[in-house]
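Because the structure is predicted, anything quoted here is derived from the model rather than measured. So that the names make sense, note that chain A is the first sequence line, chain B the second, and so on, each numbered from 1.
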There are 2 protein chains.
Amino acid sequence: MTTATQTLPVLEQLETFRQIVGAQYVFVDEEVLYNYSHDETEHLSFLPDVVIKPRTPEEISAIMKICNRYGIPVTPRGGGTGLSGGALPHLGGVLLSMERLNTILEIDERNLQVTTEPGVITEVLQDAVKEKGLFYPPDPSSKGSCFIGGNIAENSGGPKAVKYGVVKDYVINLEVVLPTGEIIWTGANVLKNSTGYNLTQLMVGSEGTLGIVTKIVLKLIPLPKYDLLMLVPFQNLEKAGEAVSAIFRAGFTPSALELVEIDALKITAAMVGASVVAVTEDTAAHLIIEVDGNNVDVLMQEMEAIAELMVQYEGGEVYFADDAQQKAELWKLRRRAAEAVKLEGYTIEEDTVVPRAELPALIHGVKELGKQYHFHSVCYGHAGDGNLHIRIKKPGTQNSQEDPEIQTAIRALFELVRELGGTISGEHGIGLVQKGFMDIMFREAQFRLFREIKKAFDPNNILNAGKIFN
Amino acid sequence: MTTATQTLPVLEQLETFRQIVGAQYVFVDEEVLYNYSHDETEHLSFLPDVVIKPRTPEEISAIMKICNRYGIPVTPRGGGTGLSGGALPHLGGVLLSMERLNTILEIDERNLQVTTEPGVITEVLQDAVKEKGLFYPPDPSSKGSCFIGGNIAENSGGPKAVKYGVVKDYVINLEVVLPTGEIIWTGANVLKNSTGYNLTQLMVGSEGTLGIVTKIVLKLIPLPKYDLLMLVPFQNLEKAGEAVSAIFRAGFTPSALELVEIDALKITAAMVGASVVAVTEDTAAHLIIEVDGNNVDVLMQEMEAIAELMVQYEGGEVYFADDAQQKAELWKLRRRAAEAVKLEGYTIEEDTVVPRAELPALIHGVKELGKQYHFHSVCYGHAGDGNLHIRIKKPGTQNSQEDPEIQTAIRALFELVRELGGTISGEHGIGLVQKGFMDIMFREAQFRLFREIKKAFDPNNILNAGKIFN
C-alpha cells in the first residue's frame, strides 16, 4: 500500500477521471484495488491507488494527458494472465483496465483481416474468425481468459507458433494512445510495408511501456480443414529433445510440437480428472505432435512418417487421438499444465528459449542446476520453437524475488541459455520479475537505446515505468 | 559535386581511413566516385567525397568513430540496386561499400539458420542453403545482384512473400555497428523472443539510417520439393485484380501470385528475346500463379482448382509451364520487367501497396490519374500481397523530382493509396525520392517518434541523414 503523501496527486484527480469515463468506472474501494493488484505471476501483489475502466481511445487520451501532466504512474492491464508481472501496478497510481474495449470491430473477409479492440478475449476472437473460415493462429495456453491486447504487449506465442509464427507475425497496424495523450496509427492495413521505422513491431512486445494499444489490425489466413494429433512417450527426456530437432531436419513442419515432462502430465491429469494415456513406469516425457492442412491423406502419411522417425529416438508406443474429444482432452492436459503445477507449489516459471537443437543441452542443464541449487523443476513447452517453460519449486519459497539462492540459480540458468544462443524470454516478457537478469543479454549500448526509445514515447516516464529495464 | 569547404573535414581524415582499412580500399578518384554515385533509382547521381571498402565490423566501428567525431556524413551501400535512392550519398562524405563483407559464415543445419555477412548476393545465399535442402524465400527481382544487407535495409519482399513473408519474417538477430562506433547484437538466435524492445525489427527496413548491419542471422525452412507454374491471360485489368482476391478467399495460398500488365510483358519479351506466350489481341494483363509443396498430386489438384476459379473472372486460356526451362523463361519475363520498361522510358517507379481486394480500385485509379496528369503507366507486381509497382513515363521527364506535374500526380496517387487503406512503399523503401510524400501517411506525432528514435541511435545525425524523413 502506498502512503498518503504518494497518493496525493492521483487522488486529487479522481473527480476529473470520473468526468472523463463516468463515476461508475472509477474505483477506489479496497476489494477492487486488490482484484487488480495481482496477475498470474508467482504470488506478487501491489495495490494501485485507483482502477479506471475507460471505453474509448479518446477517454484514454484524456486520462493520459492528466497523468502526464502530474507525473502519475499508469499501468495498463489486459486479462491479468501475465507471468512476468507486466500488469502489476508496483508504483501505485492508476490501473487502467482495458476490459471495456471489448468489441471486434470488423472481420474483413475480402482482405483476410480483422480489426479489434484490445479487450477481446483471444479465444473469442479466434472463434469469431473461425466462423468465417478464417484462422488467427497465436493461441497462448491462457487463450480462454487472456486479452488480445495483452498478447500484443507480450508478443505471445503458444503451440501453433512453430508452424504459424507468433503474435508479431500477424499484427499489421495498431492504433496507440501515447503517454502524452496523442493518438496515432503505427502503420497501414497491408501485408508488406517499407514506409518509415517499424513502429508496429516496436509496440509488439513492449509490454505496455511505450503506449496503450486501442485498436488492432491482424492478418488472418484460411483455416486449415484437418488436423491430426498424436502423443509419443520417451524414457529419456534429452532423447525427446533430440527427436524434436530431427522432425524439422527431415523436412516436416508440424502445426504443434510440444514437450511435457511426466510430472507435469501426471499433476495436470490429477487436477483435471483425466486418465493419463500412454504412460508406462519408465516414461520421462511426451511429445505432443500435431499436423494440419487441407488434405487428410497427406496428413496421415506425414503422421506415419513422423511416428516412424520417433522410433529412432527411442520413442515408445504412439497414441493417436482418434476424434475431436480425444484431441480436446489431450490439449487440455497440455494447456492446464502451468495452472496445475503452480497449485502443486511450482510457483516460479521461467520462459527460456534456445535454438531448437540445443533443447537437450538446456534440459540437461536445468536438472544439473536443480541438484546444485536444491530446487525441483518440471519442464514443458513449445519444443518445436526451442521454447521451454521451467517451473521451479523450492520448499518455503513462493516468489523468486524472495530467495537469494533461487536468484543465483536463475542467473546460472539464464547464463546457460545465453551460452546456447538463446534468450531469457520467448513469449512471457520481462516485466518485473526478469528485469534483474537483462544484463545477461544486453550491455550498456543496448540499455541506452532502450532508455532513449522509452523517452521518445514517454518523456515523463509515467507509463508502466520500471518494467523491462530501469 | 561538393565544394572544397564542405569536403575539408572528410579529406583531412583520408590518411586515418587508409590506416584503418588499408590504402588500397580508400578511393578518391573520380571514376570510382562516379560508380558509387548512383543506383537503380531513376537517373539520380550524387558524388561522395571518398569511397571506403572495409572488411570487418571493427574497421567499420573505427571509421564511424572518426565520422561521428567530425560530423562527416556516411552513406552505407549494398549492391546498388535500390529504387528509392537509399544508398545515394546526397550529402557527399563517406560512401561505405559493404562489398567485402561477403562471406556466408555458417549454415546451421541442426537449427535451420544461416549466419551471413551483409555483402553476400541474395541469390548466392539462397543457392548455398538450397544445396543443404533448406530455403530462404525472400527473392527480390534483383536477387542476382542485390546484397542481403540491402534487403534488410529495405525490408525487401519479392514474389514468394505472398506465402512465405518478407525479409522481416526471417531476420532473427543482427550484429550492428552504431553510428557512435559501438557494436551490438540486437537479439538472440531464437524463433521467439520477448526480451526487451525489438531492436531487430527496428533495424529491418530502417534503410541504413540507424546502424550498419555487419552480421545477419536468418531463419530457414525446409525446401519444398515441387512447384507448379501457370500463366492466365485477362482481357480486363481490373478483373485480373478481382481474381487475385478470389484465390485467397477460396482457401488457396499460392507461393507466388504476380500481375503483369500486357505492355510490360511485351516490352520485356522484346528485350530478352522471348516469344510471348498466351497473348491474344485483346489481352490486357496476365496473372502468374505458382503453388509449391511436397506432394505433386495435391499441387496438381490445387492448380486445376485455381484455373477453374479464374474462368469465373473472365480468365482466358491457361498456359502451364511444363518444365524447368519454361518456368525459368516465364520468371525471367517477370523479373526483368523493371529493367526493360525503364529502358523504354518508364524511369519513375512507384511501389504502392493496398489491402489485396482493393487492387482493382488502385489499378482503375492509376489509369484515371494518367489521363488527368498526362503520363503513361505500366503496372506489374506482387498482386497477392496487394503490392503494385507502377512505372511512369512522361515525355521529357526522367526524374520524378524534376517535374512539378509528376509530383502532383504522385501525391494524388498516394492519397488514393492511403484512402484504400494502403501505404506508399511495400518493399522499396522511402529513401530520398518518396520522402516528400511521408506527410500523407504520418502526422507530427509519428515524425517526432521517428526523429527521436533516429537521435537515440545517431545523436550527431551522420548516418544516411536526410533519408526517409527530415
Is A:Arg356 close to chain B through its backbone or its side chain, or both, or neither, when contacts mean heavy atoms under 4.5 Å? both
Which of A:Asn198, A:Ile468, A:Val353 touches chain B most, by non-hydrogen pairs under 4.5 Å: A:Val353
Report the distance from atom OG of A:Ser194 to atom CD of B:Glu154, rounding to the nearest 0.5 Å. 7.0 Å
Under 4.5 Å to a heavy atom of chain B? For A:Glu207 that would be side chain
Cut-off 4.5 Å, heavy atoms of chain A, and the answer for B:Glu444 is neither
Chain A heavy atoms under 4.5 Å from B:Arg443: which part of the residue, side chain, backbone, both or neither? neither
Whatever's closer than 4.5 Å to a heavy atom in chain A on B:Gln434 counts as neither
Would you call A:Ile430 and A:Met441 a side-chain contact if the rule is heavy atoms closer than 4.5 Å? no
To the nearest 0.5 Å, tell me how far A:Thr423 OG1 sits from A:Phe442 CZ. 6.0 Å
With rounding to the nearest 0.5 angstrom, report the CG to CG distance, B:Leu218 to B:Leu174. 8.5 Å
A:Arg451 versus chain B, heavy atoms under 4.5 Å apart: side chain, backbone, both or neither? neither
Let me know if B:Thr186 has heavy atoms under 4.5 Å from chain A in its side chain, its backbone, both or neither. backbone
What part of B:Asn387 lies closer than 4.5 angstrom to a heavy atom of chain A: side chain, backbone, both or neither? side chain
Can you say whether B:Leu178 sits under 4.5 Å from chain A via the side chain, the backbone, both, or neither, judging by heavy atoms? side chain
B:Glu182 versus chain A, the contacting section by heavy-atom distance below 4.5 Å: side chain
Find the one option among B:Leu223, B:Ile221, B:Val204, B:Leu210 whose heavy-atom pairs under 4.5 Å with chain A are most numerous. B:Leu210
Where on B:Arg418 is there a heavy atom nearer than 4.5 Å to chain A: the side chain, the backbone, both, or neither? neither
Would A:Tyr164 and A:Asp292 count as a side chain to side chain donor-acceptor pair (under 3.5 Å) if you check the C-alpha gap in whole Å, the side-chain angles of each, and the deciding distance to 0.1 Å? CA-CA 11 Å; A:Tyr164 292 105; A:Asp292 72 0; 2.8 Å; yes
Need one label for B:Val354: side chain, backbone, both or neither, based on atoms under 4.5 Å from any heavy atom in chain A. backbone
Is the backbone of B:Trp185 close enough, under 3.5 Å, to the side chain of A:Gln446 for a donor and an acceptor to pair up by distance? yes
CZ/B:Phe252 to CD1/B:Ile306 distance, rounded to the nearest 0.5 angstrom? 5.5 Å
Counting only non-hydrogen atoms closer than 4.5 Å, does B:Lys454 touch chain A with its backbone (N, CA, C, O), its side chain (CB onward), both, or neither? both
Assert top hit (heavy-atom pairs under 4.5 Å, partner chain B, pool A:Ser245, A:Pro224, A:Gly196, A:Gly384) equals A:Gly196
Contact winner vs chain A - B:Glu358, B:Glu109, B:Met203, heavy-atom pairs under 4.5 Å: B:Glu358
Only pairs of heavy atoms separated by less than 4.5 Å count here; which of A:Pro222, A:Ser425, A:Gly157 has the most with chain B? A:Ser425
Once the angle between the rings of A:Phe437 and A:Phe414 is folded into 0 to 90°, is it parallel (under 30°), tilted (30 to 60°) or perpendicular (over 60°)? perpendicular
Using a strict cut-off of less than 4.0 Å between a Lys/Arg side-chain nitrogen and an Asp/Glu carboxylate oxygen, indicate whether A:Glu242 and A:Arg249 qualify as a salt bridge. no
At a 4.5 Å cut-off on heavy atoms, which part of B:Ile424 comes close to chain A: side chain, backbone, both, or neither? both
Under a 4.5 Å heavy-atom cutoff, which of A:Asn295, A:Leu199, A:Leu202, A:Val298 has the most pairs with chain B? A:Leu199
So do A:Asp108 and B:Pro355 actually touch side chain to side chain, heavy atoms under 4.5 Å? no
A:Asp297 side, atom CG; A:Tyr226 side, atom OH - distance, nearest 0.5 Å: 9.0 Å
Under a 4.5 Å cutoff for heavy-atom pairs, which residue among B:Asn193, B:Ile184, B:Val166, B:Asn173 has the most contacts with chain A? B:Asn193
Identify which of A:Gly426, A:Ala456, A:Ala188 forms the greatest number of heavy-atom pairs closer than 4.5 Å to chain B. A:Gly426
A:Glu452, A:Glu427, A:Gln201: which one forms the most heavy-atom pairs within less than 4.5 Å of chain B? A:Glu427
If one checks every heavy atom of B:Gln113 against chain A at 4.5 Å, the contacting part turns out to be side chain
Backbone N or O of B:His382 within a donor-acceptor pair of the A:Lys192 side chain at under 3.5 Å? no
Is it true that B:Tyr197 and A:Phe469 have ring centroids separated by less than 6.0 Å? yes
Short question: side chain of A:Asn464, backbone of A:Gly86 - any donor-acceptor pair under 3.5 Å? yes
Under 4.5 Å from a heavy atom of chain A, the part of B:Thr253 involved: side chain
Residue part contacting chain B, namely of A:Asn294, when any heavy atom lies under 4.5 Å: side chain
Side chain of B:Asp385, backbone of A:Leu191: donor and acceptor closer than 3.5 Å? no
